[in-house]
Amino acid sequence: MKSVLIISQSTPYGRSSAAEALDTAMAAAALDVPVTLLFDGDGVLQLLPEQAGSELGVRNLSQVLEALPAFEVERCFVATPALAQRSLSPDTLALPGPLLDAEAVAALLRSADVVLTY
Amino acid sequence: MKSVLIISQSTPYGRSSAAEALDTAMAAAALDVPVTLLFDGDGVLQLLPEQAGSELGVRNLSQVLEALPAFEVERCFVATPALAQRSLSPDTLALPGPLLDAEAVAALLRSADVVLTY
Amino acid sequence: MGGSTLFLLPLRLPAPPRRLGEWLRPGDQLLLLEDGVYNLALSLPEGVKGFTLAADCMARGVESPWPMLDDIAFVGLAASVDRVVTLTPSLLA
Amino acid sequence: MGGSTLFLLPLRLPAPPRRLGEWLRPGDQLLLLEDGVYNLALSLPEGVKGFTLAADCMARGVESPWPMLDDIAFVGLAASVDRVVTLTPSLLA
Amino acid sequence: MRFALLVQADPAHSPSAISALRFAEAVATSEHSLVGVFFQGDGVQVAQHFRRPPRDESDLQARWAKVSEDCTLPLQLCVASALRRGLVDSPEAERVGFEAATLAPPFELAGLATFLAQMQTADRVLTFGVAS
Amino acid sequence: MRFALLVQADPAHSPSAISALRFAEAVATSEHSLVGVFFQGDGVQVAQHFRRPPRDESDLQARWAKVSEDCTLPLQLCVASALRRGLVDSPEAERVGFEAATLAPPFELAGLATFLAQMQTADRVLTFGVAS
């Protein structure tokens with residue numbers, strides 16, 4: 001099986017891309033495709049706690065993120081450079097997985113057969 | 001009649017906004033609504049000469065820009081700060097009207113009854 | 001001619017804006033909404049008041065350092081100025 | 001594992017990218033296409049080759065400082081690497 | 001105070017579509033009024049007849065219809081933007097031989113002249129949904 | 001070399017829709033091949049049956065149909081993305097009581113599993129149309 005790295009780099013409600021990244025990751029896991037989900041760029045803004053999408057009548061992404069392990073999306077990472085650039089501290093975020101520095105992100109990218117950007 | 005300032009700030013082929021700004025300006029002029037068109041931000045990239053939209057099978061914006069005087073859109077300006085920020089020199093562009101510095105842009109904005117951003 | 005202007009900023013700025021002071025003048029107001037509420041670190045030009053739209057802050061889990069407006073207050077603010085102008089990252093870069 | 005990567009950049013960067021060298025490593029290649037061809041002033045990390053897509057340069061009136069590829073050459077380049085990755089301003093900021 | 005709105009944002013990918021609607025709903029409950037809402041560019045997509053939002057999301061089309069009814073507010077789509085995106089009303093569908101209109105009422109097609117007239121009547125005009 | 005493409009860009013507002021098509025057309029004339037093109041998010045809009053591009057613009061839908069025919073290439077839309085944007089095929093239109101399909105052939109609805117299977121078959125996968 002080819003492995004896939006999904007880079008989730010959109011703000012949670014700016015476009016439908018953030019939700020589509022999660023849909024694709026969950027579908028891959030359900031089909032036993034080796035999948036890794038990386039939150040990088042503006043995608044780290046999906047990890048702010050206490051989001052209330054229902055305020056706007058849209059799907060609450062925080063809840064979907066919390067459900068990732070239940071859908072067997074187990075390999076989730078967060079890119080540290082994206083946090084620093086946005087003045088975000090890891091301990092104020094709802095982290096779905098370990099932090100990766102730039103070197104580790106580069107290695108992760110090069111370990112994947114397919115890379116999809118959302 | 002209320003006057004309208006149309007700020008065209010999108011790249012020529014990045015979205016349909018650049019074309020819509022021109023459509024709206026021409027419609028306003030046709031109805032004798034006092035209209036001013038300001039190219040600012042990424043909108044100044046519409047002014048690069050020798051564009052060939054037909055390469056991509058899309059409408060050639062350069063031709064529409066050249067036709068603005070024929071459609072009686074006579075007040076067109078270009079924001080200097082946007083040129084500087086993009087390392088563009090005015091004499092390499094197809095300018096549809098005079099250059100305005102930041103102060104003049106601020107005054108133009110405050111002289112308009114309605115401001116539309118495209 | 002002249003008068004006060006309410007600026008709307010609905011998008012996240014990818015870098016600190018160099019042209020904020022060119023657009024916003026004393027007496028003007030700035031409302032951050034939609035993904036614009038992520039621009040928490042903006043330093044406003046002197047004499048400019050900043051606001052954020054409450055529903056957008058709450059939806060995104062953002063704590064606003066500026067006064068939050070509900071939708072009705074947004075309408076009231078828009079009615080109180082002479083014009084409303086939407087800004088973008090490209091205009092502010 | 002490993003191998004060479006072709007990066008696509010289809011959007012204009014609003015500011016000089018701080019993270020270009022984090023993504024692009026020696027042996028990698030970068031293709032500017034669509035509004036990405038406006039990023040003429042990029043300085044590439046050592047050992048990285050840069051290209052632009054010919055049709056997008058011509059449509060936008062942009063003179064490419066790097067070798068221009070036609071569509072067939074783009075396909076050939078994509079076939080010659082180990083993976084193709086699309087980059088964005090948000091990932092490079 | 002009379003407002004006119006210009007909406008350029010597709011509800012499927014821009015939160016500006018929601019902002020515009022919420023602004024209109026808030027005007028409807030205030031002492032102010034709306035003279036019209038004009039949808040241009042991607043904004044016209046909200047009027048797509050067969051659009052079905054996911055169950056956990058709000059139905060913007062239905063909410064616009066309600067604002068329109070409550071305030072006898074015209075909801076007009078720029079005809080050029082609509083046609084290129086496949087949005088046609090019944091007369092247009094008949095004219096070109098399509099099986100059905102793809103435009104949901106009360107949305108209707110209109111020219112830019114309509115918007116420019118609304119702009120003249122309104123005291124304030126707001127733009128929602130610009131591109132970055 | 002076998003390619004699969006993921007297209008997330010709406011032709012009405014993103015040049016990525018054109019890039020994806022041109023890439024597919026170029027593959028068709030090369031020694032390489034395409035195993036499938038999957039449209040997700042705004043990318044599905046290209047399949048809107050009633051879409052009519054302005055006269056001076058290229059008809060992407062017709063060009064995709066030609067690539068599909070020349071290469072017996074499936075053009076599949078993510079069903080979730082399509083339904084929320086009002087794109088339905090004939091069976092779905094019948095099921096929910098609509099007058100007609102809004103999906104132009106040869107585009108068809110498919111689940112993400114289809115795309116993931118194409119990904120396994122392909123040697124290279126390219127993404128067109130990401131958001132900024």
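Proteins get letters first, then strands, A, B, ... in listed order; numbering begins at 1 in each.
Here the closest heavy-atom approach between residue C:Arg83 and residue B:Val115 is recorded as CD-CG2, 3.9 Å. Of all heavy-atom pairs spanning B:Ala106 and C:Arg25, the tightest one is CB-NH2, 3.5 Å.
In this structure, CG in C:Leu91 is found 11.0 Å from CD in B:Gln85, a value given to the nearest 0.5 Å.
Formation of a donor-acceptor pair under 3.5 Å by the B:Arg110 side chain with backbone atoms of C:Gly3 is not found in this model.
For the pair B:Asp40/C:Trp23, a side-chain contact is recorded, criterion being any heavy-atom separation below 4.5 Å from C-beta on.
Between chain C and the options B:Thr117, B:Val105, B:Leu5, B:Thr11, heavy-atom pairs under 4.5 Å are most frequent for B:Thr117. In terms of heavy-atom pairs under 4.5 angstrom with chain B, the leader among C:Leu87, C:Leu92, C:Asp28, C:Val84 is C:Asp28.
When the heavy atoms of residues 90-103 of chain B are compared with those of chain C, the residues falling under 4.5 Å are B:Ala102, B:Glu103, listed by number. Contacts between residues 6-21 of chain C and chain B, counted as heavy-atom pairs separated by less than 4.5 Å, involve C:Phe7, C:Arg18, C:Arg19.
Other residues, nucleotides and ligands contribute at most 12 non-hydrogen atoms within 6.0 Å of the NZ atom of C:Lys49.
At a 4.5 Å heavy-atom cutoff, the contact between B:Ile7 and chain C is made by side-chain atoms alone.
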